[in-house]
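Single-structure report; data block below.
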Amino acid sequence: MRLSRYFLPVLKETPAEAQIVSHRLMLRAGMIRQASAGIYSWLPLGFKVLRMLENIVHEEQQRAGHIPMLMPTLQSADLWRESGRYDDYGKEMLRITDRHGRDMLYGPTNEELITDIFRNSVGSYKELPKTLYHIQWKFRDEVRPRFGVMRGREFFMKDGYNFDIDKESALHAYNRHLVSYLRTYERMGLQAIPMRADTGPIGGDHSHEFLVLAKTGESEVFYDSAVTDLSLGDRNVDYDSVEQCQAIFDEFTTPYARTDETHDEALFNQVPEARRKSARGIEVGQIFYFGTKYSDAMGATVNGPDGKPVPVHMGSHGIGVSRLIGALIEANHDDNGIIWPEAVAPFKVGVVNLKQGGGDTDAACEQLYQGLSARGLDPLYDDRNERAGAKFATMDLIGCPWRITVGPRGLKNGVVELTSRRSGESEEMSIEAAIDRCGQIYAGKEAIFV
RNA sequence: CGGGGCGUGGCGCAGCCUGGUAGCGCGGCGGUUUUGGGUACCGUAGGUCGUAGGUUCGAAUCCUAUCGCCCCGACCA
């Protein structure tokens with residue numbers, strides 16, 4: 001993309017309403033604009049990141065064998081009356097009446113809808129297990145939306161639902177989700193720690209929240225530092241293997257890690273003192289096994305081998321996709337702006353022309369732009385007639401992980417400068433070498449370019 | 001939902017107390033400057049002061065209502 005043709009309304013000054021760094025930077029970098037309290041328009045740069053995250057989530061879900069679909073944002077109240085949640089949900093649910101006086105709602109989640117679809121279409125245990133998911137906008141009429149996309153009223157979320165014949169099978173689905181979520185976050189360049197979560201009225205211990213450690217996190221968390229040393233890495237997981245998923249579940253959930261909701265001081269004190277940590281965290285996902293809660297309430301049964309109907313065991317699992325952008329920025333920024341992990345950078349390489357209108361620099365930038373584009377590296381070429389400082393500042397603000405600087409001084413020696421946003425280190429090399437180097441940096445990450 | 005605060009050009013703010021018909025910085029636009037970290041200079045456009053009502057000769061300023069937004073606390077991907 002040539003910056004002169006793009007839509008990137010960056011702000012020099014911070015809008016007064018933004019309190020936390022991710023919100024400020026998203027506004028300043030021209031990623032979002034507020035439409036009303038807790039509701040945002042996604043400008044091109046923000047939308048690009050959102051789609052990238054969405055893509056990663058899709059890929060990892062499908063790798064785990066989960067099936068994508070799409071349910072509507074607006075739902076009929078009838079199903080929610082059937083499950084009993086129409087009254088339980090309270091004011092967080094946005095209720096709407098259509099022209100015929102029918103009660104509708106903007107879905108805060110989709111258990112009812114998916115259960116309805118399931119019960120009308122699946123009748124035999126032979127069709128199980130199944131996990132269906134979608135990535136769709138949700139609306140929860142928060143009392144107090146804040147922190148930009150971190151706690152919006154309208155938010156983009158992946159929610160998935162597993163249907164299994166019994167608890168044992170459903171718990172495998174639970175573990176499988178844990179593994180796929182770990183992988184999803186790691187791929188985005190984030191460390192998200194699974195922490196035991198409150199299961200609410202259903203009880204049991206089968207819910208985990210995934211938290212990204214960040215100073216501005218809303219939850220207080222307590223953990224054994226051993227857990228932050230863990231990583232899934234590039235191990236090849238067979239998602240159908242109960243043993244493998246169970247082993248990873250055990251590996252990641254055995255060290256103490258809890259939010260203030262489930263924190264147990266006595267248990268925590270058993271962790272060696274040097275490894276006892278408390279911090280703040282941002283919740284970016286949650287997995288849940290809830291047994292037959294909805295299948296009982298809504299009559300979602302399948303016939304078992306003996307021909308008798310049995311309620312299916314279900315779980316639901318969510319990833320806050322729009323919130324993840326906030327979490328990513330909270331975890332990756334400095335005073336100058338965002339520092340995107342390479343996998344989720346909206347533009348992989350920035351090209352800065354220090355002398356716009358200079359024949360040599362223009363030609364060199366053009367060569368870089370073509371070369372990087374040909375490799376699928378989605379460069380952002382700042383071809384505006386601006387001072388160097390303004391161009392650098394823009395690239396830093398929007399967080400391009402790599403920047404190639406082209407100036408008359410370097411070109412005289414046949415070199416351009418490749419700079420890492422994260423380390424700030426620069427290296428001079430030829431144009432061809434710069435293109436090659438960028439290609440190497442992003443090798444294996446092509447699939448997620450949008 | 002309880003407590004607090006704020007609405008003045010695109011953004012950040014001043015003016016309000018002590019009514020006299022709107023100002024600053026940034027940004028925009030047109031030039032000059034061809035520049036190595038948000039450059040400098042010249043010129044220029046842009047605001048029924050959130051909305052409605054009231055007081056007054058006169059309201060951004062005082063009063064009332066209303067809408068919106070933000071912050072602090074209890075709840076949530």
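On a predicted model such as this, the values are computed, not experimentally measured, just so you know. A note on names: the letters A, B, ... follow the listed sequences, proteins ahead of strands, and every chain is numbered from 1.
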> So is A:Lys48 actually on top of A:Phe347's ring, under 6.0 Å and inside 45° of the axis?
Replying inline: yes
Distances under 3.5 Å only, N/O to N/O: pair up the protein atoms with those of nucleotides 5-7 of chain B.
none

> Tell me: CE of A:Met157 to C1' of B:C76, nearest whole Å?
Replying inline: 11 Å
> What is the per-nucleotide protein-contact pattern of nucleotides 27-35 of chain B, from the 5' end, where B denotes a base atom under 4.0 Å from a protein heavy atom, S denotes such proximity for sugar-phosphate atoms only, and - denotes neither?
Replying inline: S------BB
> Under the salt bridge (Lys or Arg N to Asp or Glu O under 4.0 Å) test, which residues partner A:Asp334, sequence neighbours left out?
Replying inline: A:Arg421
>> With a 3.5 Å cut-off and heavy atoms only, can you find an N or O donor on one side and an acceptor on the other between the side chain of A:Arg146 and the base of B:G73?
In response: no
>> Please encode protein proximity along nucleotides 9-15 of chain B as a string of B, S and -, counting only heavy-atom distances under 4.0 Å.
In response: --BSS--
> Under the ring-ring contact (aromatic ring centres under 6.0 Å, His included) test, which residues partner A:Trp80, sequence neighbours left out?
Replying inline: A:Tyr89
>> Filter on side chain to side chain donor-acceptor pair (under 3.5 Å), then keep only pairs touching residues 315-328 of chain A, sequence neighbours left out; what's left?
In response: A:Glu111-A:Ser316, A:Asn162-A:His317, A:His177-A:His317
> A:Arg153 near the nucleic acid: base, sugar-phosphate alone, or nothing, with a heavy-atom cut-off under 4.0 Å?
Replying inline: nothing
> Can you name the side chain to side chain contact (heavy atoms under 4.5 Å, CB included) partners of A:Cys365, sequence neighbours left out?
Replying inline: A:Val351, A:Asn353, A:Tyr381, A:Val406
> Using a cut-off of 4.0 Å on non-hydrogen atoms, how would the nucleic acid contact of A:Val284 be classed: base, sugar-phosphate, or nothing?
Replying inline: sugar-phosphate
> Got a sec, which residues hit side chain to side chain contact (heavy atoms under 4.5 Å, CB included) with A:Ala279, two or more places apart in sequence or on another chain?
Replying inline: A:Leu213, A:Val221, A:Tyr223
> With A:Arg95, which residues qualify under salt bridge (Lys or Arg N to Asp or Glu O under 4.0 Å), at least two apart?
Replying inline: none
> Listed by chain and number, what are the salt bridge (Lys or Arg N to Asp or Glu O under 4.0 Å) partners of A:Arg437, not counting sequence neighbours?
Replying inline: A:Glu427
> Which pairs pass side chain to side chain donor-acceptor pair (under 3.5 Å) with one or both residues in residues 4-16 of chain A, sequence neighbours excluded?
Replying inline: A:Ser4-A:Asp383
> Taking only residues two or more places apart in sequence, or in another chain, which ones meet A:Arg422 in a side chain to side chain donor-acceptor pair (under 3.5 Å)?
Replying inline: A:Asn332
> What does A:Arg28 touch in the nucleic acid at a heavy-atom separation under 4.0 angstrom: a base, only the sugar-phosphate, or nothing?
Replying inline: base
>> Rounded to whole Å, how long is the line connecting atom CG of A:Leu94 with atom P of B:C76?
In response: 19 Å
